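From a predicted model like this one, the values you see are computed outputs, not experimental measurements.
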Amino acid sequence: FFFSSRRRHTRCSGVSWARRCVQETAVSPLEPKIKLQKYWGYSVRIAVGINKVFSECPYEGGYDLKIAVEDDGEEASTFDWEEHIQAKHILCVFGGSSGIKALIEADEKTRYNLSNYKTAFDYVIKDDMNVGVRTLRTEEEAFLILHTLKKKLSL
């Protein structure tokens with residue numbers, strides 16, 4: 001199927017043996033997560049400025065766990081993740097090639113500065129997998145960090 005809206009579509013498939021074809025119906029993206037208790041991906045939210053990352057949190061009570069991903073962070077394997085094993089709403093902020101410091105410098109309205117921005121996060125980590133390259137694209141790093149978090153938090 002081609003969808004011009006560029007949105008992810010979740011479908012439930014069932015086989016009709018009489019017709020020998022697959023019947024599909026559109027379902028809520030939450031259905032696999034709720035009905036099957038399966039991890040069903042992550043959501044991405046664009047925030048204009050680092051303050052909005054926290055102040056416009058879509059979850060009542062905020063995020064259970066806030067993680068910054070930076071080159072100068074500590075390896076994820078060095079942290080004790082046990083206290084966050086029940087986290088439901090996890091925020092991962094990726095600094096990209098310029099780093100989170102560039103986000104801080106670009107946000108004129110932020111209450112954070114280069115010396116205290118790490119206090120906004122529970123952990124500042126870097127990927128501890130030796131992938132053999134100096135830099136990773138954000139989408140590659142997201143995959144690796146989510147894999148690490150899945151192991152550490154039993155997601």
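- A salt bridge (Lys or Arg N to Asp or Glu O under 4.0 Å) check over residues 101-110, counting only residues at least two apart or in different chains, returns the pairs Asp72-Lys101.
- Nearest heavy atom pair, residue Thr110 against residue Asn51, reads CA-ND2, 3.1 Å.
- Rounding to the nearest 0.5 Å places CD1 of Ile100 at 6.0 Å from OH of Tyr117.
- Contact check for Lys126 versus Glu70: no side-chain heavy atoms found under the 4.5 Å cut-off.
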Review item, side-chain donor-acceptor pairs of residues 79-88, under 3.5 Å, at least two apart:
residue: Asp80; atom: OD1; partner: Glu82; partner atom: N; Å: 3.3
residue: Trp81; atom: NE1; partner: Ala76; partner atom: O; Å: 2.9
residue: His84; atom: NE2; partner: Tyr123; partner atom: OH; Å: 3.4

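- If you take CG on Leu149 and CD1 on Ile125, they are separated by 5.5 Å, rounding to the nearest 0.5 Å.
- Evaluation of the side-chain contact (heavy atoms from CB on, under 4.5 Å) rule for Ala47 yields Arg45, Lys52, Val53 as partners, not counting sequence neighbours.
- Applying the salt bridge (Lys or Arg N to Asp or Glu O under 4.0 Å) test to Glu140 and every residue at least two apart in sequence or in another chain returns Arg137.
- For Glu141, there are no side chain to side chain donor-acceptor pair (under 3.5 Å) partners at least two apart in sequence or on another chain.
- Taking the ring centroids of Phe121 and Phe54, they lie under the 6.0 Å cut-off.
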side-chain contact (heavy atoms from CB on, under 4.5 Å) for Phe94 and Ile145? Distances and angles first, verdict last. CA-CA 10 Å; Phe94 293 86; Ile145 293 296; 4.0 Å; yes
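- Taking 4.5 Å as the limit, every side-chain heavy atom of Leu91 sits out of range of all side-chain heavy atoms of Leu65.
- For Asn116, the side-chain contact (heavy atoms from CB on, under 4.5 Å) partners are Tyr112, Asn113, Thr119, not counting sequence neighbours.
- Judged by distance alone, the side chain of Asp64 and the main-chain N or O of His89 form a donor-acceptor pair under 3.5 Å.
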